[in-house]
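Okay, structure first, notes after.
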Amino acid sequence: MNNLNTVIIGLGNIGCKYDYNIPFIFNDPKSSKYILTHARAVACHPNFSFLCGIDSDLVACELFKKKYKTPAFSNITEWSNSKEFRNPD
């Protein structure tokens with residue numbers, strides 16, 4: 001099965017902050033004591049992968065990039081004009 005490419009729009013508490021400091025391993029759902037955010041659910045699931053995160057809060061974008069090693073953009077237009085852009089499957 002191909003991975004489902006995912007864009008997270010909104011990198012606030014439920015997007016990626018509630019479980020930011022809880023350790024995890026990519027592609028291993030049992031590696032995180034709690035999965036409380038959309039980003040953690042995608043990161044831990046072996047059949048999902050990130051295309052990017054999007055949020056108007058640039059600090060949230062930086063946190064997301066650092067934790068999930070994935071590009072983040074301030075809006076959809078910025079992403080669609082970037083070299084990283086590709087349509088989600």
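- Residue Asn47 holds its CG atom at 9.5 Å from CG of Asn2, rounded to the nearest 0.5 Å.
- Side-chain contact check for Trp79 versus Leu51: some heavy-atom pair is nearer than 4.5 Å.
- His45 pairs by the ring pair (Phe, Tyr, Trp, His ring centres under 6.0 Å) definition with Phe48, not counting sequence neighbours.
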Assess whether side chain to side chain contact (heavy atoms under 4.5 Å, CB included) is satisfied between Asn27 and Cys44, documenting all intermediate values.
-> CA-CA 4 Å; Asn27 301 318; Cys44 287; over 6 Å; no
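- Atom CG of Leu63 and atom CG of Leu58 lie 11.0 Å apart (nearest 0.5 Å).
- Within the 3.5 Å criterion, the main-chain N or O of Asn5 finds no donor-acceptor partner in the side chain of Asn3.
- Listed by first and then second residue, the salt bridge (charged side-chain N to carboxylate O under 4.0 Å, His left out) pairs involving residues 37-65 are Glu62-Lys65 (not counting sequence neighbours).
- Side-chain heavy atoms closer than 4.5 Å link hydrophobic residues (I, L, V, M, F, W, Y) into clusters, and following such links, even through other members, never connects Tyr34 to Ile25.
- Listed for the Asp19 side chain is a donor-acceptor partner under 3.5 Å among the backbone atoms of Leu36.
- Proximity of a side-chain donor or acceptor of Ser31 to a complementary backbone N or O of Phe24 within less than 3.5 Å is not detected.
- Linking Ile, Leu, Val, Met, Phe, Trp and Tyr residues whenever their side-chain heavy atoms come within less than 4.5 Å places Leu11 and Tyr68 in a single cluster.
- Thr6 places a side-chain N or O within 3.5 Å of a backbone atom of Leu4 that can act as its donor or acceptor partner.
- In this structure, Ile22 places its CD1 atom where more than 12 heavy-atom neighbours from other residues, nucleotides or ligands lie under 6.0 Å away.
- For Phe64 and Phe73, the ring centers sit 6.0 Å or farther from each other.
- A search for ring pair (Phe, Tyr, Trp, His ring centres under 6.0 Å) contacts involving Tyr18 returns nothing, not counting sequence neighbours.
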Could you go step by step and tell me if Ile9 and Ile76 meet the side chain to side chain contact (heavy atoms under 4.5 Å, CB included) rule?
-> CA-CA 9 Å; Ile9 299 176; Ile76 293 171; 4.0 Å; yes
